[in-house]
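Below is one structure; the comments refer to it alone.
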Amino acid sequence: MKKQVLTAIFLTLLMSSCSQIKNETDMNTQELPLVQEWDKVFPQSDKVNHCKITFHNRYGITLAADLYTPRNVNGKMAAIAICGPFGAVKEQSSGLYAQTLAERGFITMAFDPSFTGESGGEPRYMASPDINTEDFMAAVDYLANRSDVDPERIGILGICGWGGMALNAAALDTRIKATVTSTMYDMTRVNAYGYFDSLDAEARYEVKKALNAQRTKEYAQGTYERGGGVIDPVPDDAPFFVKDYHAYYKTPRGYHKRSLNSNEGWNKTGCMSFMNQPILMYSKEIQSAVLMIHGEKAHSCYFTKDAFANMMDDGSTIAAKAGNKELMIIPNAVHIDLYDNMTVIPFDKITDFYNTNLK
């Protein structure tokens, strides 16, 4: 009997934690069909509470998130919004980061970006530098209005392509006090210039011609075509990083039925606007704390190294003068190691960084 009473009290508290700002958001938030059973690619922790929540962004799109809260804590706490990798869902890497950081004493949320996963937005499987940056800022809106969150102690964390979006959000949103990027991609750079900046102006023109021809075709047929996720099977002569992506997205290690990378990918024209909308232009103006983490052997490491150097600009920028920016290169680590390898992801460093800058 005592056990039943305690269970009932626990469930009441848990539901209260999940719905404490429901009344304020009902009129703005669409009802989404959310999966309630545990369907993550990582095991559930018994050290934190978990529930699904929804919130809306400035464009009226309702987003879905997993909320993780530490057990046996009271008062207003520091909170972290997490998203990425690009084309992934919250049941993959971002959820693992969120659950782990909740175990370390933060309220965390891993959310699906607009148009993907369990989040709303039509048409499906589109990406936007503007709307996806707004998604991070909308997550801050939500967290800042929770009674258990200190609005002066909110951070964000972006993985892979969402690392670039996190920096863009940090440059715009002064409520963000600390930003971590992990194995960052600059999606505008890679879409505009290809891997390792291999596209010149003429090659860029040919890419744009192909995308605009695709637009004409899709408008006539009234449907969007998917570009394909991670290639499967992988050719023997494929680059290592392609095989690395396959080992995560196409195997039980990381496959998820709602992940674009695990399945049919983005729409072919879904990322077109990234070609001429550089998202890191104002990173030199970030005054809040930033920690950028990347693997030494990652094919993508140049994105983080160059973005950090540009942000610091020989110490002459606002960001550099703030004196709170860090670059951490993990020896021998590759890109996917920072998705889920618990022996490689520097959670101690990330925890110390947030504890220092969200105090």
Side-chain angles (χ1 to χ4, degrees), residues 83-88 92-93 113 125-129 132 158-168 181-212 214 226-250 254 259-281 283 292-311 327 329-330 332-339:
C83 194
F86 195 79
Q92 296 174 311
S93 183
Y125 316 130
M126 290 293 185
S128 162
N132 293 153
I159 306 164
C160 188
W162 280 84
M165 241 69 76
L167 288 180
N168 197 33
T181 70
S182 180
T183 201
M184 188 199 81
Y185 258 54
D186 178 349
M187 294 306 302
T188 53
R189 180 176 176 180
V190 74
N191 274 278
Y193 299 108
Y195 280 109
F196 314 111
D197 301 329
S198 59
L199 301 182
D200 59 15
E202 187 59 33
R204 277 169 45 79
Y205 182 75
E206 292 301 318
V207 171
K208 287 184 281 187
K209 278 180 61 178
L211 286 171
N212 284 296
Q214 181 69 23
R226 303 283 286 277
V230 172
I231 188 171
D232 184 38
V234 181
D236 291 339
D237 60 351
F240 170 76
F241 73 89
V242 175
K243 297 177 180 177
D244 205 27
Y245 280 132
H246 185 278
Y248 182 78
Y249 286 110
K250 291 292 191 176
S259 169
L260 300 186
N261 295 338
S262 291
N263 296 285
E264 296 304 314
W266 299 90
N267 293 335
K268 288 183 177 180
T269 57
C271 301
M272 185 176 181
S273 62
F274 283 84
M275 289 195 71
N276 67 347
Q277 298 186 44
I279 57 176
L280 301 185
M281 182 176 294
S283 62
M292 302 184 70
I293 304 166
H294 221 109
E296 176 192 23
K297 302 297 185 181
H299 70 284
S300 52
C301 193
Y302 71 99
F303 290 126
T304 286
K305 288 181 176 179
D306 289 356
F308 186 82
N310 179 66
M311 181 171 60
L327 173 65
I329 303 298
I330 309 297
N332 299 314
V334 298
H335 186 85
I336 305 299
D337 280 336
L338 289 170
Y339 280 16

(request) State whether the number of non-hydrogen atoms from other residues, nucleotides or ligands found under 6.0 Å of Tyr205 atom OH is greater than 12. (result) no

Student check: side-chain heavy atoms of [X] and [Y] closer than 4.5 Å:
X      : Y      : answer
Ile293 : Thr183 : no
Asn191 : Gln277 : no
Met292 : Met311 : yes
Lys268 : Leu211 : no
Val234 : Val242 : yes
Ser283 : Asn310 : yes
Tyr125 : Arg226 : yes

I'd like to know if the side chain of [X] reaches the main chain of [Y], judged simply by a donor and an acceptor atom lying under 3.5 Å from each other, with no hydrogens or angles considered.
X      : Y      : result
Glu296 : Asn332 : yes
Lys250 : Ser262 : yes
Asp337 : Val334 : yes
Asp186 : Thr188 : yes
Arg204 : Leu199 : no
Lys208 : Met272 : no

What's the spacing between [X] [atom1] and [Y] [atom2] if we round to 0.5 Å?
X      : Y      : atom1 : atom2 : result
Cys160 : Met184 : SG    : CE    : 9.5 Å
Met281 : Ile279 : CE    : CD1   : 11.0 Å
Ile336 : Lys243 : CD1   : NZ    : 14.5 Å

(message) Between Asp232 and His246, does the side chain to side chain contact (heavy atoms under 4.5 Å, CB included) criterion hold? Intermediate values first, please.
(response) CA-CA 7 Å; Asp232 184 38; His246 185 278; 2.7 Å; yes

(message) Using side chain to side chain contact (heavy atoms under 4.5 Å, CB included), reason through Ile330 and His294 one step at a time and then give a plain yes or no.
(response) CA-CA 6 Å; Ile330 309 297; His294 221 109; over 6 Å; no

(request) Using the side-chain hydrogen bond (donor to acceptor under 3.5 Å, both in side chains) rule, take His335 and Asp244 through it: C-alpha gap first, then chi angles, then the decisive distance, then the call. (result) CA-CA 8 Å; His335 186 85; Asp244 205 27; over 6 Å; no

(request) Applying side-chain hydrogen bond (donor to acceptor under 3.5 Å, both in side chains), run through Asn261 and Ser259 and close with a yes or a no. (result) CA-CA 5 Å; Asn261 295 338; Ser259 169; 5.0 Å; no

What's the shortest heavy-atom distance between [X] and [Y], and which atoms?
X      : Y      : answer
Trp266 : Ala127 : CZ3-CB, 3.7 Å
Ser273 : Ser128 : OG-CA, 4.3 Å
Ile329 : Cys301 : CD1-SG, 4.0 Å
Gly295 : Leu338 : N-CD1, 3.7 Å

(message) Please verify the inter-ring angle class for Tyr249 with Tyr339; under 30° counts as parallel, over 60° as perpendicular, anything in between as tilted.
(response) perpendicular

(message) Go through it in stages, so that I can follow the logic: the residues are Tyr302 and Lys305, the test is side chain to side chain contact (heavy atoms under 4.5 Å, CB included), and I'd like the CA-CA distance, side-chain angles, deciding distance and then a yes or no.
(response) CA-CA 5 Å; Tyr302 71 99; Lys305 288 181 176 179; 5.5 Å; no

(message) Out of the candidates Tyr185, Phe274, Trp162, Tyr245, only one should pair with Phe86 under the ring-ring contact (aromatic ring centres under 6.0 Å, His included) rule; please name it.
(response) Phe274

(request) State plainly whether the residues Arg189 and Asp306 are in salt-bridge range, i.e. N to O under 4.0 Å. (result) yes

(request) Would you sort out whether Tyr248 and Ser93 count as a side chain to side chain contact (heavy atoms under 4.5 Å, CB included), showing the intermediate values? (result) CA-CA 10 Å; Tyr248 182 78; Ser93 183; 4.0 Å; yes

